[in-house]
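For reference, the structure discussed in these notes is given below.
Each ligand, and each atom within it, is numbered from 1 in the order the structure gives.
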Amino acid sequence: MKNQVENRDNSFLWFDMEGLKASQIETIYMDNAATTYQKPECVFRAMDEVNRCLSVNAGRGSYQLAQIAVDGIDKLRDEILNLINGRNQAEVVFTSSATVAFNQIIGGLTLCSQDRVYVSPFEHNAVMRTLKLWQDKCGFTMEILPMDVEKMQIDLEKTEYVFRQKPPTHVFVTRVSNVTGYILPTEEIFQLAKELTNGRALVIVDGAQSFGLIQEDYQRTKYDAFVFAGHKTLYGPFGIAGFIKGKQLKLHPFLAGGTGSASLELVMPQNIHGLEPSSPNIVAMAGLYAAVQFIKRETIEAIYQHEKRLTKQLVKELKNISGVKLYIPQESDNHIGIVSFSMEDYRSDEVGMILDEDYHIAVRTGYHCAPLIHDYIKSKEYGGTVRVSLSYFSRQEEVERLSEAVKRIAWEE
Ligand code: PLP
């Protein structure tokens, strides 16, 4: 195979590379809950190398290159399981995004009208809209886990009560809220749901904002499914996500297509490959593999502590600015990485625009695809929240710059 001559001409790009690089230097990126950006350098390198040397169709050929690609996917499965301490306990199903993972899970559960599905008030539309789609088809009951509105936290006592009164068949709960940064008590909710239904209720956790940031222990809490997004707290690229699937969880195939195996059969294979139709994104997988190596090297504990320190600093500084209203859980132990706020006399998108145009700070504003929580935290009057979200690459000076900018906006009014 012949390597192509390197081409330094950028005219094939749809943007001005040099201009973009210059503006990037000035920009403070604080939208890491949307996607972590920057990525570790090894992620870029791994993707580039695999794109050049190994971007063959894994699982579709018996030649050596295809086999090396398959080995890489298997290694990534092991790494994901190790990260959650779930080896020999669970399986990993890869999907192209967390949203697709939820569609596969919810579509594969064969929900029916007798089912009672609980969701937390913090769920993302990856869960809520997908459930609604299926609720319209099969008419199950949907309940919302009770919230302590003052504390902006789940009320566990009331949760126990409602589970006793109306036992769940399924519980969907996010690990970290992408709006408030609240770390939900998913382990306690799991225990309650299992204890009060003789183990029958299925508990599905959305780890899109937590996997790689919060240490999980699958040996202790065997969630029926735990969804992850490669491009968020795992520091990988777009295009690779999935879920850790408890061995007991039976899912009917929701997506169908080629798996590279049993090709003459029209029914999907009954194993894990039956849940992974279509050509695997080996380039994104290589990026995620490198990202997991990065996380292992730095350690989840160090990443957590770094974000915790910056989160506390940010909360402390924003709290002192008059007219700023914070949407954070009462107990700071249950809070990481994301700080949402609004400002008196401003709509949230106005604050976002000023931060961007006058201070070169990129934050997200609005409802963040979480349809329920804004009624509880009463942020609708501001058009949602201004969400600042940090990463392992965020720095103290950046938090100071953001706080300074918010102070100035508050003074200007
Ligand atoms: N779950 C949560 C908590 C999220 O924050 C997001 C994305 O913002 C998703 C699910 C969906 O992830 P994706 O858009 O990558 O499918």
Side-chain angles (χ1 to χ4, degrees), residues 29-37 39 43 80 93-107 119-133 144-145 152 154 171-186 189 203-214 216 223 225-244 254-255 276 278 281 284-285 287-288 291 307 327 329 334-340 362-374 376-377 384-391:
Y29 181 77
M30 291 187 146
D31 192 20
N32 290 284
T35 191
T36 45
Y37 167 78
K39 308 294 180 191
V43 172
I80 296 286
V93 178
F94 289 118
T95 61
S96 55
S97 70
T99 302
V100 172
F102 276 114
N103 274 270
Q104 288 241 59
I105 294 168
I106 294 167
V119 293
S120 90
F122 294 91
E123 294 314 296
H124 187 275
N125 269 331
V127 172
M128 292 311 300
R129 285 186 175 167
T130 312
L131 280 175
K132 176 75 172 75
L133 200 70
I144 302 175
L145 292 175
M152 291 194 198
I154 294 290
V171 182
F172 286 82
V173 57
T174 194
R175 188 71 169 112
V176 171
S177 160
N178 71 320
V179 178
T180 67
Y182 169 41
I183 305 171
L184 278 82
T186 48
I189 293 168
V203 180
I204 293 114
V205 172
D206 182 348
Q209 297 290 351
S210 73
F211 199 35
L213 173 62
I214 292 177
E216 302 293 346
Y223 300 118
F226 184 94
V227 173
F228 59 89
H231 70 97
K232 293 184 188 271
T233 41
L234 283 167
Y235 294 90
F238 288 113
I240 183 67
F243 55 101
I244 292 142
F254 170 66
L255 293 176
E276 293 178 341
S278 171
N281 187 343
M285 285 170 161
L288 182 57
E307 285 200 28
Y327 305 99
N334 298 336
H335 185 213
I336 189 82
I338 295 170
V339 180
S340 260
V363 296
R364 175 146 174 213
T365 59
Y367 299 111
H368 320 295
C369 300
L372 304 179
I373 192 59
H374 299 278
Y376 295 80
I377 63 176
T385 74
V386 182
R387 182 184 73 181
V388 181
S389 51
L390 307 166
S391 87

Worksheet item: Can you find a pair of side-chain heavy atoms, one from I373 and one from Y327, that are under 4.5 Å apart?
Response: no
Fill in: atom 4 (C) of ligand 1: the protein heavy-atom neighbour that sits closest, reported with distance to 0.1 Å
H124 CD2, 3.3 Å
Worksheet item: Can you find a pair of side-chain heavy atoms, one from F211 and one from I244, that are under 4.5 Å apart?
Response: yes
Worksheet item: If we ignore angles and hydrogens, is there a donor and acceptor under 3.5 Å between the side chains of T385 and H368?
Response: yes
Worksheet item: Taking the side chain as C-beta and beyond, is there a heavy-atom pair between I240 and H231 under 4.5 Å?
Response: no
Worksheet item: Quick one: nearest non-hydrogen protein atom to atom 14 (O) of ligand 1, plus distance?
Response: T99 OG1, 3.7 Å
Worksheet item: For atom 15 (O) of ligand 1, which of H231, R364, K232 has the closest heavy atom?
Response: H231
Fill in: Within reach of ligand 1, part of A208 (heavy-atom separation under 4.0 Å)
side chain
Worksheet item: Tell me, do V93 and E276 make a side-chain contact under 4.5 Å, heavy atoms counted?
Response: yes
Worksheet item: Given N125, D206, V100, N178, which one has a non-hydrogen atom that is nearest to atom 2 (C) of ligand 1?
Response: D206
Worksheet item: With a cut-off of 4.0 Å, which atoms of ligand 1 are near a heavy atom of S97?
Response: 16 (O)
Worksheet item: Quick one: which of V119, L184, D206 gives a side-chain contact (heavy atoms from CB on, under 4.5 Å) with V173?
Response: L184
Discussion item. Closer than 4.0 Å to some heavy atom of Q209 - which atoms of ligand 1 meet that?
Written reply: 3 (C), 4 (C), 5 (O)
